[in-house]
Participant: 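Below are the structure tokens for one structure; questions will follow.
So you know, we letter chains A, B, ... as the sequences are listed, proteins then strands, and number each from 1.
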Number of protein chains: 2
Amino acid sequence: MNIGAVAKQTGLNAKTIRYYESINLVDSPPRRENGYREYSEKNVQQLWFLRHARQFGFSIDECRDLLSLWANPNRKSVEVHSLVTEKVKHIEQHIQELRQMKKVLTGLLDECPGDDSPHCSIIARLASEMESPNG
Amino acid sequence: MNIGAVAKQTGLNAKTIRYYESINLVDSPPRRENGYREYSEKNVQQLWFLRHARQFGFSIDECRDLLSLWANPNRKSVEVHSLVTEKVKHIEQHIQELRQMKKVLTGLLDECPGDDSPHCSIIARLASEMESPNG
DNA sequence: TCTAAACCTTTCACTAACTATAAGGTCAAG
DNA sequence: CTTGACCTTATAGTTAGTGAAAGGTTTAGA
């Protein structure tokens, strides 16, 4: 299969596929006489794996670990379990940070008239020299 | 004031301050004879503004808009209000995406034994060739 | 007076995960 | 024979800085 067909099938951009190869995230497929990449079923499966893992929010480095666990028949499922558990914790942290931001911004919005006047407490708050905007 | 003192006061890294200057986000302070930057009160206030805006989660480009609104005495507070409203919407979207990720991953964790066996439904799920991991 | 530490300067390279562009070779259809 | 859709590579751009190299300046202390 050519890279274009693989891209269509997996939903990955052809450039993304070449990029994954360039950073040695996936096996390099063999080349035909004309230099085109010839993807085997195994090559395509690796790319499917990556598409899914990336959609789940795993970083490239985490994908590297997951791919290696996938390839290892002696893996222990606890390894996968703890990797994913860590990921969930980070996502939770991130959500908390975003919630805090949203809370502060929403509070500022309530204080800004939002009309034709130049007076705006949001701008005033940003321009203030206090140590922290949360303080 | 020298850059080090400004950095200490505002909590910004000196390199970050030079970076903001290099992308023309803030006014370039004048130089002394020895080439050192000499920060005025106004220069420092711009940096305070940036520190706060960045802490609130605004991107550099958004900060550019906010700085320009701050500098403009003819601004209408509705402009600030809608900029911040947009920001809140994006944050909400982001939170929703992260919640969805977390939900899927948590679901997968429940199905993985997390023991010494190699069988793991998370890996199986990632390796599957279905169109979407949400499907 | 000499020296060492603590400043300051610049430029380049690196981070994550691609995407865009340029410049070119190959293949299939009309 | 040409057009367009493929494929190839290398380079640079994206975000928001950070780290390192290599050097000039200032200040405090022996």
Participant: Between dA6(C) atom C1' and N34(B) atom CG, what is the distance in whole Å?
Facilitator: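 Atom-to-atom, N34(B) to dA6(C), this comes out as 14 Å.
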Participant: To the nearest angstrom, how far is N24(B) atom CG from dG17(D) atom P?
Facilitator: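 After rounding, the gap between these two atoms is 16 Å.
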Participant: Please give, in whole Å, the distance from dT26(C) C1' to N2(A) CG?
Facilitator: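 Taking atom C1' of dT26(C) as the reference, CG of N2(A) is at 11 Å.
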Participant: Using a 4.5 Å cut-off on heavy atoms from C-beta on, say whether the side chain of L25(A) contacts that of R64(A).
Facilitator: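 The answer is yes, as the side chains (C-beta and beyond) meet within the 4.5 Å cut-off.
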Participant: Hydrophobic clustering (ILVMFWY, side-chain heavy atoms < 4.5 Å, transitive) - are Y36(B) and Y20(B) grouped together?
Facilitator: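 No, separate clusters.
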Participant: Select from R18(A) and K15(B) the residue whose nearest nucleotide in DNA chain D is closer to the 5' end of that strand.
Facilitator: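 Looking at DNA chain D, the more 5' nearest nucleotide goes with R18(A).
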Participant: Just call it for I23(A): base, sugar-phosphate, or nothing, with non-hydrogen atoms closer than 4.0 Å on any strand.
Facilitator: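 Since no nucleic acid heavy atom lies under 4.0 Å of I23(A), the category is nothing.
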Participant: Check this one for me: any side-chain N or O of R37(A) less than 4.0 Å away from OP1 or OP2 of dC7(D)?
Facilitator: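 Answer no for this pair, as no side-chain N or O of R37(A) is under 4.0 Å from OP1 or OP2.
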Participant: Identify, between Y36(B) and R54(B), the residue whose nearest nucleotide on DNA chain D lies closer to the 5' end.
Facilitator: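 That would be R54(B).
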Participant: Round to a whole Å and report the spacing from CE of M1(B) to C1' of dC7(C).
Facilitator: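 It is 16 Å, rounded to the nearest whole Å.
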Participant: To the nearest angstrom, how far is F58(B) atom CZ from dA16(D) atom P?
Facilitator: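 Taking atom P of dA16(D) as the reference, CZ of F58(B) is at 13 Å.
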Participant: Determine yes or no for a side-chain-to-main-chain donor-acceptor pair under 3.5 angstrom, with K87(A) supplying the side chain and G57(A) the backbone.
Facilitator: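 A pair under 3.5 Å: yes.
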Participant: Between dT18(D) atom C1' and L12(B) atom CG, what is the distance in whole Å?
Facilitator: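 The distance from CG of L12(B) to C1' of dT18(D) comes to 14 Å, rounded to the nearest Å.
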Participant: Roughly how far, to the nearest 0.5 Å, is the CG atom of L105(A) from the CG atom of D110(A)?
Facilitator: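 If we round to the nearest 0.5 Å, D110(A):CG and L105(A):CG are 11.0 Å apart.
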Participant: Quickly work out the L25(A) CG to dA16(C) C1' distance and round it to whole Å.
Facilitator: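 Atom-to-atom, L25(A) to dA16(C), this comes out as 13 Å.
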Participant: Does N13(A) place a side-chain N or O at less than 4.0 Å from the phosphate oxygens OP1/OP2 of dT19(C)?
Facilitator: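 Yes.
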Participant: Ignoring backbone atoms, establish whether T16(A) has a side-chain N or O less than 4.0 Å from OP1 or OP2 of dT19(C).
Facilitator: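 Affirmative; the distance criterion is met.
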Participant: If you compare every side-chain N and O of R31(B) against the phosphate oxygens of dT10(C) (OP1, OP2), does one of them come in below 4.0 Å?
Facilitator: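 Answer yes for this pair, as a side-chain N or O of R31(B) is under 4.0 Å from OP1 or OP2.
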Participant: Give R32(A) one of three labels, base, sugar-phosphate or nothing, depending on what nucleic acid heavy atoms sit under 4.0 Å from its own.
Facilitator: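 No contact.
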Participant: Ion pair present between K89(A) and E92(A), side-chain N to carboxylate O less than 4.0 angstrom?
Facilitator: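 No, no charged N to carboxylate O under 4.0 Å.
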Participant: Starting at CD of E21(B) and ending at C1' of dT9(C), how long is that distance when rounded to a whole Å?
Facilitator: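 Those two atoms, CD and C1', are 12 Å apart.
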